[in-house]
Amino acid sequence: MARTVLVTGGNRGIGLAIAQAFAKQGDRVAVTHRSGDAPAGLFGVRCDVTDAASVDAAFTAVEAELGPVEVLVANAGITDDTLLMRMSEEQFTGVLDTNLTGTFRCAKRASTKMLRAKWGRMIFISSVVGLYGGVGQVNYAASKAGLVGVARSITRELGSRNITANVVAPGFIDTDMTAKLPDERRAEYRKAIPAGRFAEPDEVAGVVTWLASDAAGYISGAVIPVDGGLGMGH
Ligand code: NDP
């Protein structure tokens, strides 16, 4: 059965791969884009997840075009790495505002219509770094760990209404975000990953579409790693 899907930050990287995977299986897919154009063939709405009014307007536009959002994929995210001693309060709160509070804004806006429909799937894109930690990533790790608490609390609040909330925790995926890493850091990480390689965005997308499928209807509050074994035990 075709569903209405909204992927935040769906104009590039992992979000684009997720949006394309849903579109390929016949769902009605909308993506938010903050800069640049919407990707060809997908319904795009401009949105900055740090702004509640912008999130509300994006959902309203999607509802008018494709119907209420049944599957929310909160994927928009940023890094702003630096060591704890050098990290300004703005660097900390800025990353939290996009990655964690941005997800809260989207989940809150989506929940009303999901409750009415008595069906919904929320999938939050976290990171292996959320539970494993990362040098220079106090802000990013805190934001990604926070998503686990958000998903589990939503599971307790809305689980009886056929609404699931899960976290996908990717390891290192080849996108613009990881292209920024210096070569030596990339080589170090590659050595630490049991699979011995970074992944392609499609490898995350397959897990996300599965979590939204009927087969995954009894999975909620879970953290699913897609990290080549990097975070085992965390
Ligand atoms: P990219 O940097 O390639 O893309 C990030 C996306 O988020 C872009 O679409 C960007 O929009 C959007 N975005 C950022 N800030 C905002 C905002 N305030 N409002 C709306 N949209 C925003 O990242 P990836 O594809 O690599 O990452 C996607 C998600 O996966 C992120 O949450 C990231 O933390 C997570 N992740 C990535 C990993 C990796 O190895 N790549 C590993 C683990 C997790 P715009 O184009 O306008 O900038």
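Atoms within each ligand, like the ligands themselves, are counted from 1 in listed order. All residue numbers in this chain count up from 1 along the given sequence.
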Proximity flag [X] to ligand 1, non-hydrogen atoms under 4.0 Å:
| X | answer |
| --- | --- |
| A199 | no |
| G171 | yes |
| T32 | no |

- Which atoms of ligand 1 are found less than 4.0 Å from any heavy atom of C47?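 Counting atoms of ligand 1 from 1, those under 4.0 Å from C47 are 19 (N), 20 (C).
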- Item | ligand 1 atoms in contact with T178 (distance to a heavy atom under 4.0 Å) |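 Result: 39 (C), 40 (O), 41 (N).
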- Cationic N near anionic O, under 4.0 Å, E70 to R121: no
- Quick one: which of V31, V69, V73 gives a side-chain contact (heavy atoms from CB on, under 4.5 Å) with L6?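 The residue from V31, V69, V73 that satisfies side-chain contact (heavy atoms from CB on, under 4.5 Å) with L6 turns out to be V69.
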- Test applied, side-chain contact (heavy atoms from CB on, under 4.5 Å); reference residue, I78; option that passes from T50, V49, T98: T98
[atom]: nearest protein contact (heavy atom, Å):
| atom | answer |
| --- | --- |
| atom 28 (C) of ligand 1 | N75 OD1, 3.1 Å |
| atom 22 (C) of ligand 1 | A76 CB, 3.6 Å |
| atom 41 (N) of ligand 1 | T175 OG1, 3.1 Å |
| atom 36 (N) of ligand 1 | Y140 OH, 3.6 Å |
| atom 45 (P) of ligand 1 | S35 OG, 3.4 Å |
| atom 25 (O) of ligand 1 | I14 N, 2.8 Å |
| atom 30 (O) of ligand 1 | I125 CG2, 3.4 Å |
| atom 2 (O) of ligand 1 | R12 NH1, 3.5 Å |

- Query: Do R190's NZ or CZ and the ring of F198 fall within the cation-pi criteria of under 6.0 Å and 45°?
  - Reply: yes
- Message: Check whether W119 forms a cation-pi arrangement with R3 (NZ or CZ under 6.0 Å from the six-membered ring centre, at most 45° off the ring normal).
- Response: yes
Close side-chain approach of [X] to [Y], heavy-atom, < 4.5 Å:
| X | Y | value |
| --- | --- | --- |
| T79 | M177 | yes |
| N166 | V223 | no |
| P201 | L16 | no |
| C106 | F59 | yes |

- Query: Just checking, any donor-acceptor pair under 3.5 angstrom between side chains of Q137 and D81?
  - Reply: yes
- Classify the side-chain pair S220/T164 by whether it contains a donor and acceptor separated by less than 3.5 Å.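 T164 and S220 do not have a side-chain donor-acceptor pair below 3.5 Å.
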State whether the shortest distance between N or O atoms of [X] and N or O atoms of ligand 1 falls below 3.5 angstrom.
| X | value |
| --- | --- |
| F172 | no |
| I173 | yes |
| T50 | no |
| G9 | yes |
| G15 | no |

Which part of [X] is near ligand 1, with near meaning a heavy atom under 4.0 Å away: side chain, backbone, both or neither?
| X | result |
| --- | --- |
| H33 | neither |
| S126 | backbone |
| T98 | side chain |
| I78 | side chain |

- Message: Looking at R46, I want to see if its CZ is surrounded by more than 12 non-hydrogen atoms of other residues, nucleotides or ligands under 6.0 Å.
- Response: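 Counting other residues, nucleotides and ligands, CZ of R46 exceeds 12 neighbours.
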- In this structure, which one of R109, R105, K108 forms a salt bridge (charged side-chain N to carboxylate O under 4.0 Å, His left out) with D56?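 Exactly one option meets the salt bridge (charged side-chain N to carboxylate O under 4.0 Å, His left out) with D56, and it is R109.
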